[in-house]
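Data first, discussion second: the structure below is written as structure tokens.
Just so it is clear, the structure is predicted and the values come from calculations on it, not from any experiment. Chain identifiers are assigned alphabetically (A, B, ...) following the order of the sequence lines, protein sequences preceding nucleic acid strands; residue numbering begins at 1 within each chain.
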Amino acid sequence: MTEQIKDSKFKLPTSALRAYTMIAALALIWLYFHWATGSIFLTSRNLSNLMLQTSVTGIIAVGMLMVIVAGQIDLSVGSVLGFAGAVAAIALTRWEFGLPAALLSAVIIGSLIGLAQGAFTAYLNIPAFIVTLGGLLAWRGAVKAITKSETIPIADPVFKSIGGSYVAPNIGWILAGMAILAVLAIAFRRAQTQKTYELGDANYAGQMLKAIPAIAGIIIFIYVMNSYAGIPIPVLIFLAVALLGVFITNFTTFGRYLYAIGGNPDAARLSGINNKLNILKVFALLGALTGVASLIFTARVGSASPDAGTLKELDAIAACVIGGASLMGGRGTIFGACLGALIMASLDNGMSLLNVKDFMQDIIKGSILVAAVGLDMLGKKS
Amino acid sequence: MQDETKSPILEMRNITKEFPGVKALDGVTFDLFAGEFHALVGENGAGKSTLMKVLSGVYPAGTYGGDIVVEGEVKQFKTVRDAENAGIAIIFQELSLVKELTVAENIFLGRAPSKFGVINWSELYTKATKLLRDLNLPINPKTPVGNLGIGSQQLVEIAKALSQNAKILVLDEPTAALTESEVETLFDILRSLKARGVGMIYISHKLGEVFTMSERISVLRDGRTVGTSDTKNLSVEKVIAQMVGREVGDIFPASRHEFGETVLEIKNLTAYESETNKMLVDNVSFSVKKGEVLGISGLMGAGRSELLMSIFGAHLGRNSGKIYVEGKPVSINSPAEAIANGIGFVTEDRKRYGLILDQTILDNMTLAGLKQIGGAFLTHRTRESVVAKKSMQDLRVKANSPLTVTGTLSGGNQQKVVLGKWLLTKPKVLFLDEPTRGIDVGAKQEIYANINALAKQGLAIVMVSSELPEVIGLSDRILVLHEGKLTGEFSKQEATPERVMAAATGHN
């Protein structure tokens, strides 16, 4: 039996195959833009910018992925982003809450909205599509109400720095060192548990070998970011959120339950899972992450505007779907969603550099979304 | 009974239908005369529904062997519509009406009188009104079907069939969901149809009805016709004997007599349907001991699954009753609480209720016991794969690795994965609902061996099964349910197929 399990690791599981395909697609897109822009795209300055553009959508996509995996959808995140950002701006400027309380209020507002919409979905059995479509309209209205349809500028330099400052290069390298140590520690533990549970000898060399791509990725990433100005703070937050997402989906009971609920709600319920409670939780989590994203968005723009975050829900959903998530639920990974967000941002960034007209950008992005899912379906059938 | 010179309006000659690995019908012959009421009876899985699906074109011509002859002409039905055009209408157990549409719209669904795609509403309602009046049905054709009771809906189905000039009407358990007065109304209508020359094939487990209404009875068993006789020459006992008449093979392990103390006791359990509030389980009490296999027998719709679902906290309708685990009263309102109290449940229909087909054996097996294997918040993947692998070996699941996706497994192996899932919750009592449905004989024997081994290890087992030989061969004690009530309890020595079947049909 042990032999057979080892064997299966050499076969590529479909999820891994999908990940490699996506990385290849991203590489092609990057190379094309680099060539088409006359070697501007792959400069450290532009890559730093690209990562910045990815971070807001990426953070929301992490939460959205978990909602989609549970077989649900949230169309309201764009409006919630606008509302939470406006609340933070008003709390700071008008109500004079002080910075920490103002920042916290955005996250709390986001979670409360998620909690309310989750409760409507899970406990009143109103389809998530309807609840959050209502939310999309209602929260946009609420933004306009509290901002009186005017832009609220942010003066506080610390708030603004959330969107615009960088981690000093040497601190970047310290973080990189810590990340590499963590990767090595995980590899070491994997090798050890293999022995503890009699799955074979502790294969330290093999596990270390597997850690090499991750370590190389960390070094290249920090090197590129440091060649410009260091890691942008929003990108650092995005990476932290993505890691949290990976942890939740892979290592917690909550994460496993989400996949079960999305995969077969009846079987999940009969296996003792409280479907409703878990659906409530995942909406609240997405709401909280939307609150975090709203802070970065507001800080980057330097103000809270009545139309902040418009259409962000579609970017986030598209990122998940391009990343291989199924809107039927039960399937999708955080890694895929983040890569999807990066692909979306790359298209935005590259086409802007090429001065592609706005309407054309939308048409191309829309077509690519449909084509990506179409190819996925073709691949599944064959 | 029938005039020898008259020829039948329907003959099914030598019908054979095979599914992968199973011969569902093996040379079945059946005929029907105009104006005749011909009952078709048999155990669950005897092949009645399959035969009717062949007749109605659900299984198109070419996928079965033998001939269907309607009014002397051999017919090749490619679709359900072909069969309808030949005058054959079937009313299935699950009604096929659109609840949001009106009675008249349903009757003429897909055939509404229209010109250039525009429906002629006044003609539609006039026709429907006339049809309903002919049948003496006091139903307003403009009522949405969803507002009608289940009995009236059944009558609308019949009206729909007759609007298509059906000469042959097949009724599959039409009275299962009806009250007594509704049954009377239905029978009145069926009698008037008979007088008009409509031939009826009547499938029912309710032998009382069958004997009141029918001229002839045919019995199917294991996909073969056991016999067709005039009703007046038959008795309930004879029919039951024909339905069950076969040897209980020795694929079942020998009985064990060392039971421990009582693990689970149920007192006065009553459960209702969630929408109609119909009583499904009527004041049932029982208990099961350590190491005992308790079989629950009964016909489809007798309330067996609902009984287990109610105990498990998963029944959606209202229910009441007391549950004791190891002598202590417990309150169970959700499957999670049932699991915490040591109850496991291998539910029926593994594809719908048991497995997440897109996920691996590992993910499925550890789902119910996730918190016991890991922790309340964090999972423990390594420990999971160790226990899942061990479980695969113990239950002899045939698959390359725990990472094989369950949707690709055979039925028997899927069932073992579900069994493994529940064993990993370390239950004291294990419920099994139709544990061997749709799996081949070899896998069945392995499941039997697993059940036996688990009982020997001291697990209390409650098993619902529609297969009589299985219940009788495997159980130490058998309870029989009929229409929600406990109608029989037999020890292994007392249980004979005839006795159990008599109790299951309410004739003991």
Side-chain angles (χ1 to χ4, degrees), chain A residues 1-16 69 71 189-200 247-278 281 326 328-332 380, chain B residues 309 312-314 316 334-340 343-347 349-360 362-364 366-371 373-390 392-393 397 399-405 418 421-422 425:
Chain A
M1 201 54 85
T2 314
E3 295 312 307
Q4 283 166 329
I5 292 166
K6 272 186 185 163
D7 274 349
S8 74
K9 282 191 178 148
F10 290 104
K11 268 186 250 155
L12 271 183
T14 42
S15 59
V69 160
R189 247 200 75 191
R190 277 224 180 110
Q192 263 190 335
T193 42
Q194 194 124 40
K195 197 177 167 192
T196 319
Y197 288 94
E198 293 165 349
L199 296 168
F247 176 75
I248 290 174
T249 51
N250 288 319
F251 301 109
T252 66
T253 50
F254 171 61
R256 275 284 291 288
Y257 288 168
L258 294 180
Y259 283 90
I261 292 167
N264 184 344
D266 285 327
R269 184 174 72 89
L270 291 168
S271 296
I273 296 171
N274 188 338
N275 292 11
K276 291 175 192 285
L277 184 64
N278 284 296
K281 280 189 199 165
S326 159
M328 306 295 289
R331 194 157 59 87
K380 251 173 131 185
Chain B
M309 284 289 223
F312 197 64
L316 294 175
S334 69
E337 287 173 16
I339 295 168
I343 303 176
F345 191 178
V346 178
T347 45
D349 199 346
R350 59 188 164 268
K351 287 189 177 164
R352 188 157 161 222
Y353 296 119
L355 292 171
I356 300 163
L357 293 169
D358 283 343
Q359 293 190 0
T360 61
L362 174 67
D363 284 340
N364 273 288
T366 55
L367 187 60
L370 201 58
K371 291 185 176 175
I373 299 163
F377 298 104
L378 297 186
T379 55
H380 197 303
R381 282 307 265 182
T382 324
R383 216 179 294 152
E384 277 178 52
S385 69
V386 172
V387 294
K389 249 189 354 173
K390 179 160 186 314
M392 281 176 74
Q393 279 162 353
V397 178
N400 285 333
S401 95
L403 300 178
T404 305
V405 173
V418 182
K421 169 167 91 172
W422 288 105
T425 66

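Neither the backbone nor the side chain of Arg190(A) has a heavy atom closer than 4.5 Å to any heavy atom of chain B. In this structure, chain A has heavy atoms under 4.5 Å from both the backbone and the side chain of Arg352(B). Contacts between Leu378(B) and chain A at a heavy-atom distance below 4.5 Å involve backbone atoms as well as side-chain atoms. For a residue to count as touching a neighbouring chain, one of its non-hydrogen atoms must lie under 4.5 Å from one of that chain's; by this rule Tyr353(B) touches chain A with backbone and side chain alike. Heavy-atom distances place no part of Ile248(A) under 4.5 Å from chain B, backbone and side chain included. Heavy atoms of Asn274(A) lying under 4.5 Å from chain B are absent altogether. The contact between Tyr259(A) and chain B is made by backbone and side chain atoms together, counting heavy-atom distances below 4.5 Å. When heavy atoms are compared at a cutoff of 4.5 Å, Ser334(B) does not approach chain A at all. Heavy atoms closer than 4.5 Å to chain A are found nowhere in Ala338(B), neither backbone nor side chain. For a residue to count as touching a neighbouring chain, one of its non-hydrogen atoms must lie under 4.5 Å from one of that chain's; by this rule Leu357(B) does not touch chain A.
In terms of heavy-atom proximity, Leu362(B) sits nearest to Ser385(B) at CD1-CA, 3.5 Å. Contact detail for Thr379(B) and Thr253(A): the closest heavy-atom pair is CG2-N, 3.6 Å.
Counting only heavy atoms from C-beta outward, the side chains of Lys281(A) and Leu258(A) never approach each other to under 4.5 Å. Between Ile356(B) and Leu367(B), the closest side-chain pair of non-hydrogen atoms falls below 4.5 Å.
With sequence neighbours left out, Arg381(B) forms a salt bridge (Lys or Arg N to Asp or Glu O under 4.0 Å) with Asp363(B), Glu384(B). In this structure Lys390(B) satisfies the side chain to side chain donor-acceptor pair (under 3.5 Å) test together with Asp394(B), sequence neighbours excluded.
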(request) Show your reasoning for whether side-chain contact (heavy atoms from CB on, under 4.5 Å) applies to Thr347(B) and Phe312(B). (result) CA-CA 11 Å; Thr347(B) 45; Phe312(B) 197 64; 5.9 Å; no
